[in-house]
K.L.:
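Dropping a structure here in structure tokens format, bear with me for questions.
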Amino acid sequence: MNLSRSLLRPSPAGGQHGLLHLVDSCRAAAHLPTLRAVHARLLLLQHLPSSAVARVKLIQAYAACSALPAARAVLTSSPDRTTVFFNVLLRALTAASLHREALLLFASMRLQGPSCSPDHYTYPLALKSCAASGSLRLGVQIHASIARLGLDANLFVAHSVISMYARCGRPNDAYQVFDEMQHRDVVSWNAMISGFAHAGLFQRAVVIFREFVGLQCTQPDAGTMASVLPAMGNAKAEDITFVREVFDKMRFRGLISWNAMLSIYAINGLHVKAVELFVRMEKDGVEPDRMTLATVLPCCGQVSAFSLGKHIHEIIKRKRMCPNMLLENALMDMYANCGCLKDAREVFDAMSLRDVVSWTSIISAYGVRGHGTEAINLFENMLGQGLEPDSIAFVAVLAACSHAGFLDVGKRYFDCMTSRYQITPKAEHYTCMVDLLGRAGCISEAYDFILAMPIKPNERVWGALLGACRIHSNMDIGLLAADSLFRMVPDQTGYYVLLSNIYARAGRWADVTSVRSVMASKGIKKLPGASNVEIGDQVHTFHVGDRSHPQSEMIYKKLEELLGRIRGMGYNPGVEGTLHDVEEEEKEGHLSVHSEKLAIAFVLINTSPGTPIRITMNLRTCSDCHHAAKLISAITDREIILKDINRFHHIVQGVCSCGDYW
DNA sequence: ATAGGGTTAG
């Protein structure tokens, strides 16, 4: 390394000035061996006793090399140490999140005499450690010292007091400090916004954010955007729009502001907005960093934006950002959700380090396709690596069991989650178990399971039971489930449709009609089924009986041809259909133009032989379309990857990964 | 030679 080479050179680099410069270079490069050599040289040349600056620089450089004991040793061996020495070491400790040690060091300053009294640099650091370790009592004491010394007029100090109170669970005390400030700058407001956000007072954070923007005395900055972000989970549409307006009006829009805005869209499920914003960011020539891409990739997966996802993968390769677990995990998630299990697996296999998130991601990718055995193998493999599965890892493996119908294995995992890993099951785990039991036909057991739950069953838990009742035509328990659901979510279309399907199968047409009229009186409409496919980077959407596409005529002709061919292979439209999503009124005519079928015909026309057909839809696919898709995959020799509302159907040569169990 | 607010997954 050239640092070492310049060390061997005599003067001028060997002189004190050159050596100090070298110390800074070691700090920047975090190169400990060279730093030790320079340190030795400084000692040899007797430069250190005379130069406090040199010793402060050494402390910083050792800290940058993560050699904190060495940094501390320099401080201890300096008889003429001053407050600055402590401040620099405190800074190193807080940066390394060693908050207890930082507070011990802070406490030791009192014993050092007046030259080492804490000052306006010291307090923010000490308070940061209080905030991080939740040391409210010490924080209050420090606040008292600050007030006694009159240091609360210093903005840096005041901001750290605000932050300390907010993060120690005292947002009102934080606000009082903020309120009593004589002068405020943008950081004062940011500290208060972030304070409310971290105390969980999201609405107050947004209100004070709006107040700040309304004052128009100071421009919001990247810190403002980042501060309001944690308050924006589950945000109101108008608040998101407001933040976007602020973002658009910012004079300097740095990377952090872009990332915060992207994140706000992402955490609110506005995946399309996030994707659009990212496209604009690229147009504006703003260079994305790891975080930008790790935020946008899951959005690509959610909306199956495969070409953008691949494009982002190219950016990652070009910028040589991997290996990086954050990005690799996000890439896997994107590929898996875009219907490319193979690419997801390639990313997983190429990783040099994997954490629980990586494993969970790949387990879930196999699980939602019905590849239960591989999902379980991966889960066991993860355990074999000594990784502790967490709550979400169990959701993935339980969901895998439920998609594959592995009743006993699923029960075993559910038991071991609590007994062996002491993880308290959440609603998601119960949903998996109800789904697993119910679809396996154990409807009463599933119902008893719900009744015995220690937490209040949510909508999804009852929804899983209702779905199982539809499959197994259990009207009694189905009604109980529907009753709970209608009280919880009176406006959710899907559950009315499920109930009416149950009645239809039992031939109770009067009840079907009454469910319909309830829906009509409440103004609830059936969500129209839609299928999306991507050709190039263009997304095409199809609805039932859609004739709006320019290629409509060709699509219908193709579909007719396909249906004619598969009819000879046992495809009998409408027979199975009524068993699942389709209502009795939907005759063969309707079924044959379901959006999935139109999408399949469209892709067949527009792509070369062998290209996989990837479809994303907003409902569960019906068994008629499922049957048709399997046969079409066989006669056209195409893979069909159908992503429906809760799983993937990966169809190869007439066989679906779901094993027709869904 | 030193300090404040801030974004990262399944």
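Labels below follow one simple rule: chain letters A, B, ... track the order of the sequence lines, proteins then strands, and each chain is numbered from 1.
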K.L.:
Find the distance A/L262:CG to B/dA9:P and express it as a whole number of Å.
P.N.:
13 Å
K.L.:
Between the main-chain N or O of A/N234 and the side-chain N or O of A/N268, is there a donor-acceptor pair closer than 3.5 Å?
P.N.:
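Checking the backbone N and O of A/N234 against the side chain of A/N268, a donor-acceptor pair under 3.5 Å is found.
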K.L.:
Indicate yes or no: does A/D248 engage A/R280 in a salt bridge with an N to O separation below 4.0 Å.
P.N.:
yes
K.L.:
Round to a whole Å and report the spacing from CD of A/E428 to C1' of B/dG10.
P.N.:
12 Å
K.L.:
Using OP1 and OP2 only, check whether a side-chain N or O of A/S227 sits under 4.0 Å from B/dG5.
P.N.:
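A/S227 to B/dG5 OP1/OP2: no side-chain N or O under 4.0 Å.
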K.L.:
With respect to the side chain of A/V56, which nucleotide from B/dT8, B/dG10, B/dA1 is positioned closest?
P.N.:
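Ranking B/dT8, B/dG10, B/dA1 by closest atom to the A/V56 side chain puts B/dA1 first.
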K.L.:
Among the nucleotides B/dG4, B/dG10, B/dT2, which one has an atom lying closest to any side-chain atom of A/D185?
P.N.:
B/dG4
K.L.:
If the cut-off is 4.0 Å, is A/R184 near the phosphate of B/dG5, judged by side-chain N/O to OP1 or OP2?
P.N.:
no
K.L.:
Judged by atom type as modelled, is there a donor-acceptor pair below 3.5 Å linking the side chain of A/S78 to the main-chain atoms of A/V74?
P.N.:
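Flag set: sc A/S78 to bb A/V74 pair under 3.5 Å.
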K.L.:
In whole Å, I'd like the distance from the CE atom of A/M351 to the C1' atom of B/dG10.
P.N.:
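For the pair A/M351 CE and B/dG10 C1', the rounded distance is 11 Å.
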K.L.:
What is the distance, rounded to the nearest whole Å, between atom CE of A/M291 and atom P of B/dA9?
P.N.:
8 Å
K.L.:
Which is true for A/V395 with a 4.0 Å heavy-atom rule: it touches a base, it touches only sugar-phosphate, or it touches nothing?
P.N.:
nothing
K.L.:
Hey, is A/R72 close enough to A/E101 for a salt bridge, meaning N to O under 4.0 Å?
P.N.:
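Yes.
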K.L.:
So A/P230, base contact, sugar-phosphate only, or nothing? Heavy-atom distance under 4.0 Å.
P.N.:
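Counting heavy atoms under 4.0 Å across all strands, no contact is made by A/P230.
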K.L.:
From C-beta outward on A/L326, which listed nucleotide comes closest to its side chain: B/dA9, B/dA3, B/dG10?
P.N.:
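Looking only at side-chain atoms, A/L326 lies closest to B/dA9.
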K.L.:
Are A/R81 and A/F86 in a cation-pi contact, defined as NZ or CZ under 6.0 Å from the six-membered ring centre and within 45° of the axis?
P.N.:
no
K.L.:
Which one, B/dG10, B/dT8, B/dA1, comes nearest to the side chain of A/I392?
P.N.:
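Closest nucleotide among those given: B/dG10.
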K.L.:
So what does A/L229 touch, heavy atoms closer than 4.0 Å: a base, only the sugar-phosphate, or nothing?
P.N.:
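It contacts sugar-phosphate atoms only.
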K.L.:
Between B/dA3, B/dT2, B/dT7, which nucleotide has the shortest distance from any of its atoms to the side chain of A/H120?
P.N.:
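Shortest atom-to-atom distance from the side chain points to B/dA3.
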K.L.:
As a test of reading the structure: which of B/dA3, B/dA9, B/dG5 is closest to the side chain of A/D355, going by heavy atoms?
P.N.:
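Within the option list, the nearest is B/dA9.
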K.L.:
Return the nearest nucleotide to the side chain of A/D390; candidates are B/dG4, B/dG10, B/dG5.
P.N.:
B/dG10
K.L.:
Go through the N and O atoms of the side chain of A/S194 and the base of B/dG5, and report whether any donor-acceptor pair is under 3.5 Å.
P.N.:
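Looking at the base of B/dG5, it does not pair with any donor or acceptor on the side chain of A/S194 (distance under 3.5 Å).
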K.L.:
Between A/R91 and B/dA3, is there a contact of a side-chain N or O with OP1 or OP2 at under 4.0 Å?
P.N.:
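Yes, because at least one side-chain N or O of A/R91 sits under 4.0 Å from OP1 or OP2 of B/dA3.
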K.L.:
Rounded to the Å, how far apart are A/M164 CE and B/dG5 P?
P.N.:
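Rounding to the nearest Å, CE of A/M164 and P of B/dG5 are 12 Å apart.
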K.L.:
Roughly, in whole Å, what's the span from CG in A/N190 to P in B/dG5?
P.N.:
10 Å
K.L.:
Which of these nucleotides, B/dA3, B/dA9, B/dT2, is closest to any side-chain atom of A/Q60?
P.N.:
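Selected nucleotide: B/dT2.
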K.L.:
Base, sugar-phosphate, or nothing: which does A/D333 touch, judged by heavy atoms less than 4.0 Å apart?
P.N.:
sugar-phosphate
K.L.:
Taking N and O atoms by type only, does the side chain of A/N154 place a donor or acceptor under 3.5 Å from a partner on the base of B/dG4?
P.N.:
no
K.L.:
Under the criterion side chain to side chain contact (heavy atoms under 4.5 Å, CB included), which of A/D185, A/N190, A/L127, A/V177 is the partner of A/H159?
P.N.:
A/D185
K.L.:
Starting from P on B/dT8, measure out to CD1 on A/I264 and report it in whole angstrom.
P.N.:
11 Å
K.L.:
Report which part of the nucleic acid A/D221 touches: base, sugar-phosphate, or nothing (heavy-atom distance under 4.0 Å, all strands).
P.N.:
base
K.L.:
Using whole Å, what does the distance between atom C1' of nucleotide B/dA3 and atom NZ of A/K128 come to?
P.N.:
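Rounded to whole Å, this separation is 9 Å.
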